[in-house]
Amino acid sequence: MSASKLAGTAHLGGTVSQAPRLSGRRVAILVALILIYGVIPIVGNDYWLNSLIIPTIVMGLAGLGLNLLMGYAGLISLGSAAFMATGAFATFNLLLRLPILPLPVVLILAGLIAGLGGLIFGLPSLRIRGFYLSAPTLAAQFFLTWLFQTYHWFSNNSMSLVISAPRLEFFGYDLSSSRGRYLLVALTAGLLLLLAFAIIKSRIGRDWMAIRDMEVAASVTGVPIARRKLQAYVVSSFFLGVAGALWAFAYLGTADSNTFSLDKSFQVLFIVLIGGSASLLGNFVGAAFIVLTPIVLDILVPVLGLDTYIDQGSIANIEPIIFGALIIFLLIKEPDGLASLFSRTIRALSIWPLRR
Amino acid sequence: MLFLVNIIVAGLLAGLMYALVAIGFVLIYKASGVFNFAQGAMVLLSALTFVTLNEHGLPFWLCFIITVGVLIVASVLIEFLVLRPLVNRSPDTLFMATLGLSFVIEGLAQLVLGTDVHQLDLGIPDVPLKLYGLQVSDFDLFTAAVSILLVAVLALLFGKTRVGISLRAVADNTLAAQSIGIRLPHIWRIVWSVAGVVALIAGLLWGNRQGVQFSLSLVVLKAMPVLIIGGFSSIPGAIVGGLIVGATENLADIYIGPLVHGAVSDWFAYILATAFLLIRPNGLFGEKPIQRV
């Protein structure tokens, strides 16, 4: 898997020097950009934006954060939600205590604070690897959420320990409507996606993949293992922190440390596994799957006439079965995730009429 | 002084319960190198099956036998549907697969058997007695006895029986074991079944104390630090790790908790395990892995 991926990137690198032309890929990107930033904000209604599109993008962003760590650098984490919580609580406190800062600066600072958390809890990765890493990341999960729950300063001494968005505005432009929040989320995700793309095409990203594929060989060829691993934690936590802030304030509106429980960490992990390890756009496919499955089940069960057998509580139990079974299936049949399945299907369809 | 001793004893007894769960992990890790995240789900499945049968009026021994049967069927299915297609894949992939498996088992168990909290009464009083000033209940003593018995039975199983010896051969050198005709899938099915029985015992003891409910599957998370401290491949290590985690967790709650204004037992064990990993990455009793380049 990894060897072919590396070969693929080398091949792409060779074609960059050609003069820009209107290839299918460029057209697809252009159409996607017009759709995301032009069409959806105009045609999308409140329900679609609030309960489908915004959570999908934000969870996709969180998946992207974990995927940089897990898919590219090969470091397992079960504590993603802790860094999301750090980002959310940092954003809340920065907006509250430093009202002079504009929202983009706050989001970046919050991401950096989450990145600092990632750095601290990433230190053990210098000595251990594999599923042993679940211990320090679980420590992050339980310690950080405990911290935000126990010390009320983080939630500005609110009785219910709930944090809510003080204001969402961008240079005087109010972002609290669902369209405004969508644009905030879509723009942030777009910029971070570009950043992620730049990172994985840079020396750092290549070093991460080398470490993932064979750490000893990487270190022999001069990859600074310790620095790269810590960078992976910082970058991953930065993305997760921004995603956490958006989840709390652009999607939910209010949050507390229970919002970012272990369940959320597992959800982020599932997004990576379902979407495809070491894929950037796959995270959004995985996130869409995670967001849509409960909604589709809710609609499908009455339509199929199964609601006499299956009640609401049972639907909640069907979800983990679907996710778990899909993960096992994908690990066995398609380790590169749904994204690779889609792109293969599209490729197969595009040559299908001409196939002999 | 007596207060301190009492705290430690209570912690050790709680640690014994962690150790019971951890033993199930060790069995599977030794035989197949898989860190089986689904062990917690197995605890939930076995306890739910048992308690549902028991509530339908079946006698204790029959419930036990039927539940063991269910666990054996589950092990065979897991081996066929999950382990066999993933043979020769990286340990991380298998870890993720058991994570998915744990969600499937939890979902199925609750879909079929319901999400209610069940009371489970094994008929052993859980009231603290005063023994030389120590606060220990009959149930604590029973748990301790069961743990010792379980370890003895497992030691006999692995040391004296044909199955156990072939199991140790697989753990020692999988390829060599296969080449002398030990059937790997067969061994896996047996190990998962034995781990299932261990999960059942753990589930019954935990269920007796805190009720049979979803949170039982979360004991898997506490088993992680236990295994890291004790070592993934050693049953005595699991016991010692459990005792250390239980005792230090209790001590930390009493002595560190007030300093930081809150219960620290949520996260203390994980920080302890992380510190331990930095000093002794293979645990107290674990084997030092030999890495080939």
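These values consider heavy atoms only, across backbone and side chains, with no hydrogens, waters or symmetry-generated copies. Below, read A as the first sequence line, B as the second, and so on, with proteins coming before strands; counting in each chain starts at 1.
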Under 4.5 Å, heavy atom to heavy atom, which residues of residues 17-28 of chain B contact chain A? none
Against chain B, label [X] side chain, backbone, both or neither, depending on which of its atoms sit under 4.5 Å from a heavy atom there.
X	answer
L126(A)	neither
L331(A)	both
F143(A)	both
F329(A)	neither
I322(A)	neither
L269(A)	side chain

Contact check, side chains of L101(B) and I328(A), non-hydrogen atoms, under 4.5 Å: yes
For [X], give me all partners under side chain to side chain donor-acceptor pair (under 3.5 Å), at least two apart in sequence or on another chain.
X	answer
R228(A)	D207(A), Q231(A)
E334(A)	S340(A), R344(A)
R127(A)	none

Taking every non-hydrogen pair under 4.5 Å, which of L133(A), L138(A), T137(A) racks up the most with chain B? L138(A)
